[in-house]
2 protein chains.
Amino acid sequence: MDVNSLSPISLARQLGMWRSDAGGGPAYRQLARALRLLILDGRIGLGVRIGGERDLARALGISRTTIAAAFELLRDDGYLLSRQGSGSVTRLPGVGHGATPDPDALTEEQAPGVIDWTNAALPAPQTIWYAYEQALSQMPAFLSGLGYEVFGIARLRRAIAADYTARGCPTTTDQILVTSGAQHGLALLLRLFAGPGDRIIVDHPTYHNAIAAILKQNCVAVPVGLPATGWDIDTIHAALRQTGPRFAYIIADFHNPTGRVMDPDTRAALVRAARATHTPLVIDETMAAVTLDKPAPPPVAAHDPHGDTVISIGSASKRFWGGLRIGWLRADAQTIVALGRIRSTLDLATPVMDQLAVAALLDGSIRADGDRADIRARRDHLIVRLHDALPHWRVPVPAGGFTLWAEMPRPEASALAAMTQSLSLRIAPGPRFGVNGAFERFVRLPFTLTEDELDLAVDRLAMAEARLRTRHGRVPDAAWELEAQRVI
Amino acid sequence: MDVNSLSPISLARQLGMWRSDAGGGPAYRQLARALRLLILDGRIGLGVRIGGERDLARALGISRTTIAAAFELLRDDGYLLSRQGSGSVTRLPGVGHGATPDPDALTEEQAPGVIDWTNAALPAPQTIWYAYEQALSQMPAFLSGLGYEVFGIARLRRAIAADYTARGCPTTTDQILVTSGAQHGLALLLRLFAGPGDRIIVDHPTYHNAIAAILKQNCVAVPVGLPATGWDIDTIHAALRQTGPRFAYIIADFHNPTGRVMDPDTRAALVRAARATHTPLVIDETMAAVTLDKPAPPPVAAHDPHGDTVISIGSASKRFWGGLRIGWLRADAQTIVALGRIRSTLDLATPVMDQLAVAALLDGSIRADGDRADIRARRDHLIVRLHDALPHWRVPVPAGGFTLWAEMPRPEASALAAMTQSLSLRIAPGPRFGVNGAFERFVRLPFTLTEDELDLAVDRLAMAEARLRTRHGRVPDAAWELEAQRVI
C-alpha cells in the first residue's frame, strides 16, 4: 500500500467515536460529517486514496450501504473524487482536483521564496468552516430583512455579552456594538471622542495600526514608555493629568508587540487613575484570548464598578480567524447608542453571515479555538533558535499573543530590515511600533509561522545581521548597555 | 384539501423543469434543490403540507425512492418537518418549527405597528442564499491563509473589473479595491484626499450619509444646487474653480434622493470641468444598477480617457442585498495602492465569505438581481396614491433608484416628520439631504415597501399633512410658487 493511501484500519482509528449518541441524523450523514472534518482538519491529507468500502464496513462494523451513501455525499459535496478502479481520493471543494492551492487564496505577500515575517496572525482552524455552515443554515430568517444592523444582530450581541460575563465582567446586550474588526472599533472611538489636534495616550511601543489610526484622524499620539516589565502607572497617571487626552489606548493582555500582561492590581490602579482624571480608558483586548502560559486575569472593565470609565475593544481575528472581520466594543449603554449614531459615517453595518458564524463560535455551538499548545511550542522553538543564532540579542518570553519583542545591542532595526529584504525576508522593525523613530533597537518577531519557516527565517535574519556588522566593521558588544531610549 | 397543503399536481407544476440536462448530480439531489429554491423564494409558503410521496412520484414520473431521498435531505437540512400521519410540512432552517420569523432577524426599527418609511433598501432576493452556499464551498481554500486581503480577493476584483468592462468602461484588476460597502469607500477617499477644513463639492440635495461622512472627517461640504432637471455644469465648473475642493462627490445614476440620471453629454462635460481644474471626481454608483425605465448610460468613468480624473464608488447593497456589506472603488492603479495603504487605519480588510458570495453574483454563477419590474410597479403605485391623497404635492417620476423626492407647497418638512411620528410613521424630511437646513419643502419617500405598506404609509402621511394644515389654520396654495431655496 503506497503512502498516498489510507488503510481501512487506520481510517477507522482516525475516525474514533464518530457516531453521536442521539440527534446526529442518519448514520451515513454522521460518517460523512466525521470524514469531512478529518479532511478539513488536515488529519487526512489531500489526494489520499481511501479504499475498499467492503473492508471499511468491516473495520467500522457498519453496513456497506452506509459507507456507500456517506461516500456519495462526500463526492457530491466535493470532498472525494472517484477514480475508475482505484477507489476514492480526498480533495477539497473549490480547490481543483488536486492538492494545489487555489491561486486566488494566495495573498500578494506570498511571492514564492519570500518569507513574510511581519504578520502576527494564524490560518483558520479548519473547523471554522462549520461555523460558516451553521451560519448559512440560519441566513434565510435574515434575508427577509434589509440586512443593515447598525449595532449588530441580537444573537451575536448576546453571545459577546455572555462571554464577558463568563470572564468575570457582567455585561448586558445593550453594552455591546458589533464592529467590522478591532481596528474599525478604534476608528469609531476616535470619531466619537476626538477632533483634530486632540491627544490620545498610548503605550510605547504599541500596535502600529493604532498609531496610524490616531494620526490619520489628525490626532496626536502621546507615548508613555513601558518599563522593563509591567506598566508604569505613576507616569500614566501624570500623563493623564498633564496632557488632557481624549482617551488612553492601552493593550493590557497581551500587549502588542511585547506580549506582556497587566496584573490585576495594576489594572485596578489604572482604572482609578483614569476615573480620577475623568478620562475614558480604551482597552484593546484583541490578543486577550491568546494566553500561552497561565489564564489571563479578568478584563480591565471588571475593575470599573460604575461602568463609565472603561471601553473594551474585542475581536474574533486572533481568537478564531482574521478572515471573519468581526470585532466589538463594550461600553456603557449610552456610549453604545452614540457610537451607533456616528457609525453611518464609516460603514453602516457589519455583514450578517459573519456575525452568525462568530455567534456560533462564541456560544460554543462550534468549537474552533486555535490550538494554543501548538503556538506555545512555536514560541519556545523560536526563542531557542534565536538564542542559538543571535546570542547577543535579548528576547523576553511573552505571556501571550503572537510576537516576540527582541532587543538588539545597537539601534539598527531599520537597517536590518532593509538588509533582510535583500535576503527575501520581510521583518517589522521597532520604529513601526513607536512614535518619532523610537525603538531602533527592537524588532517584532511573530511566532505564527511553522517551525520550518521559523528556522529559515532565523537563518536569514542572522545572515542579515552578520552582513550588517561586516558592512559597519563592527563586532557585537560583549557587555549589554541599557539605553534611555529603551524606556521612552 | 385545505389551503395549507399543496397537491402533487400543483407541486409538479411549480417545479417545472427541475432536472438539469447534465452535471446536476443524482436526481434526488436535483429535486431537493429545486424544492428548496421554491421554499426559499416563497413560491411555496411556510407551514404548507406537501403530501403523498406516491402521488408525487406519479405526477413527476420518477421513482418513489427518489422522492423519499429528496424529502429526507430536505428534512435533514431543515426545509421540511415530518409530522406523524400528515406528511411533510415546509419550514426554513433556523426559523423555529413554524412560520414565525426569528426575532433576531427583526431590526430595532421594526416595532409593531410603526412603519419605517426612511430606508431605501429591499430585502434579499431569496436566491442570494445560493451565492452564500457557493461561497461556503469555496472557503476551504482560503481558510489556510490569514484572511486579510487589503485589496480584496483576486476573484472578486476580477469580477468587478469585468463588470465595468461590460458596462463600456474597460477596467483591469489592479484598478479595483474591495471595500466594506460604498460608505466605507467614501470614508477611505476622504481619509486619502482630505484634511480638516478641506472642501468637498456635493450635489444639493445629496445622500445624507455622504454629508455626515464629510462633516465627521472635519471637512466642509460645498453644496451645488441641482436645477429642476439634470445638472448645472456651469455652476459646478465655477465651484470647482473658485472653492479649490479636494474632490467633487456626485451621484450620476441614480441620484439619491431625486432619482434623476445624468445624460452622456453632461457626463463628458463634467469630466472635462474636473480635468480642467485638476479635481478628482468621485462618482457614487451605489444606485446605478437600479434602473427602472431605460438602461443607464455608460459610467462617468467611461468619459475619462486618461483614467486619472474619475474615481467610482460601487456597491452590492442595492444591486443584490445590503446585508452583504460589500462595495468597491475603481480608480487608477496608483490611487488604489495608496488607498490600500491607508486602509489599515480604518478596518484592515473585508470578510472573505461575503466577497466570494458577491463574486458568484457578479460573474453570473448565481442569479439574484432584484426584480426591477416589481420595484417599478411599486414606484408607479406610490405616485398614483400620492397624486390621489396629496394632489397639491409635486412628485417627479425618477428614472431609477428607490426613492421619490416629493415637493410640498410650503417649507414644513420637519414639522410634517414630527407629526407623522405621532401617527406611527417615520419619514425622512428634506433637510436631512441638505446642508444648513435647506429643503424644508421636500420629503424623500422610498418605494421599497410593499404596495399594502405604501397604502398605509400614504394614508398616515396625508392625515399628518391635514393635521398640520388645521393646526396652522392654512389652506393649501392653489398656485405653485417656485422658491429660490429649491435650487440652492
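In the text below, chain A, chain B and the rest are named by the order of the sequence lines, each starting its count at 1.
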Exercise for the section: Just give me the residue among B:Ala121, B:Gly185, B:Gly327 that pairs up with chain A most often, heavy atom to heavy atom, under 4.5 Å. Expected result: B:Ala121
Problem - Heavy-atom side-chain proximity of A:Pro351 to B:Leu324 below 4.5 angstrom - result: no
Handout entry: Exercise: identify the closest heavy-atom pair between A:Gln217 and B:Lys216
Key = NE2-O, 4.4 Å
Exercise for the section: Report yes if the side chains of A:Leu73 and B:Arg29 come closer than 4.5 Å at any heavy-atom pair, otherwise no. Expected result: yes
Handout entry: Heavy-atom closest pair, residues B:Leu122 and A:Leu146
Key = C-CD2, 3.6 Å
Exercise for the section: Report the option among A:Ala210, A:Pro196, A:Gly195 that has the most heavy-atom pairs separated by less than 4.5 Å from atoms of chain B. Expected result: A:Pro196
Exercise for the section: Provide the closest heavy-atom pair for B:Phe142 versus A:Trp321 in the form atom of the first, atom of the second, distance. Expected result: O-CZ2, 3.3 Å
Exercise for the section: Give, as side chain, backbone, both or neither, the part of A:Glu72 having an atom under 4.5 angstrom from any heavy atom of chain B. Expected result: side chain
Practice task
With a 4.5 angstrom heavy-atom cut-off, could you sort out which part of A:Thr448 is near chain B: side chain, backbone, both or neither?
Solution key: neither
Practice task
Apply the test side chain to side chain contact (heavy atoms under 4.5 Å, CB included) to residues A:Asp354 and B:Met353: give CA-CA distance (whole Å), side-chain angles for both, the deciding distance (0.1 Å), then the verdict.
Solution key: CA-CA 8 Å; A:Asp354 308 82; B:Met353 180 80 185; 3.9 Å; yes
Practice task
Taking all heavy atoms of B:Ser144 and all of A:Pro123, pick out the closest pair and write down the distance.
Solution key: O-CB, 3.5 Å
Practice task
Answer yes when A:Asp347 and B:Arg325 have at least one side-chain N-carboxylate O distance shorter than 4.0 Å, and no when they do not.
Solution key: no
Exercise for the section: Select, from B:Gln355, B:Gln183, B:Gln134, the one with the greatest count of heavy-atom pairs under 4.5 Å involving chain A. Expected result: B:Gln183
Exercise for the section: For B:Asn209 and A:Thr345, run side chain to side chain contact (heavy atoms under 4.5 Å, CB included): C-alpha distance rounded to whole Å, both residues' side-chain angles, the deciding distance at 0.1 Å, then the answer. Expected result: CA-CA 6 Å; B:Asn209 280 326; A:Thr345 66; over 6 Å; no
Problem - A:His184 and B:Leu346, any side-chain heavy atoms less than 4.5 Å apart - result: no
Practice task
Could you look at A:Leu215 and say if it's the side chain, the backbone, both or neither that has a heavy atom under 4.5 Å from chain B?
Solution key: neither
Problem - Which atoms of B:Leu190 approach chain A - backbone, side chain, both or neither, heavy atom under 4.5 Å - result: neither
Problem - A:Ser317 versus B:Tyr148, closest heavy-atom pair with distance - result: CB-OH, 3.4 Å
Handout entry: Interface moiety of A:Tyr207 toward chain B, non-hydrogen atoms closer than 4.5 Å
Key = side chain
Problem - Option that, when pairs with chain A are counted at under 4.5 Å, heavy atom only, ranks first among B:Asn218, B:Asp76, B:Ile128 - result: B:Asp76
Handout entry: Backbone N/O of A:Ser137 and side chain of B:Trp129: donor-acceptor pair under 3.5 Å
Key = no
Exercise for the section: Give a yes or no answer on whether the side chain of A:Glu133 reaches the backbone of B:Leu136 with a donor-acceptor pair at less than 3.5 Å. Expected result: no
Practice task
Look at A:Val352, A:Leu348, A:Leu186 and state which one has the largest set of heavy-atom pairs under 4.5 Å with chain B.
Solution key: A:Leu348
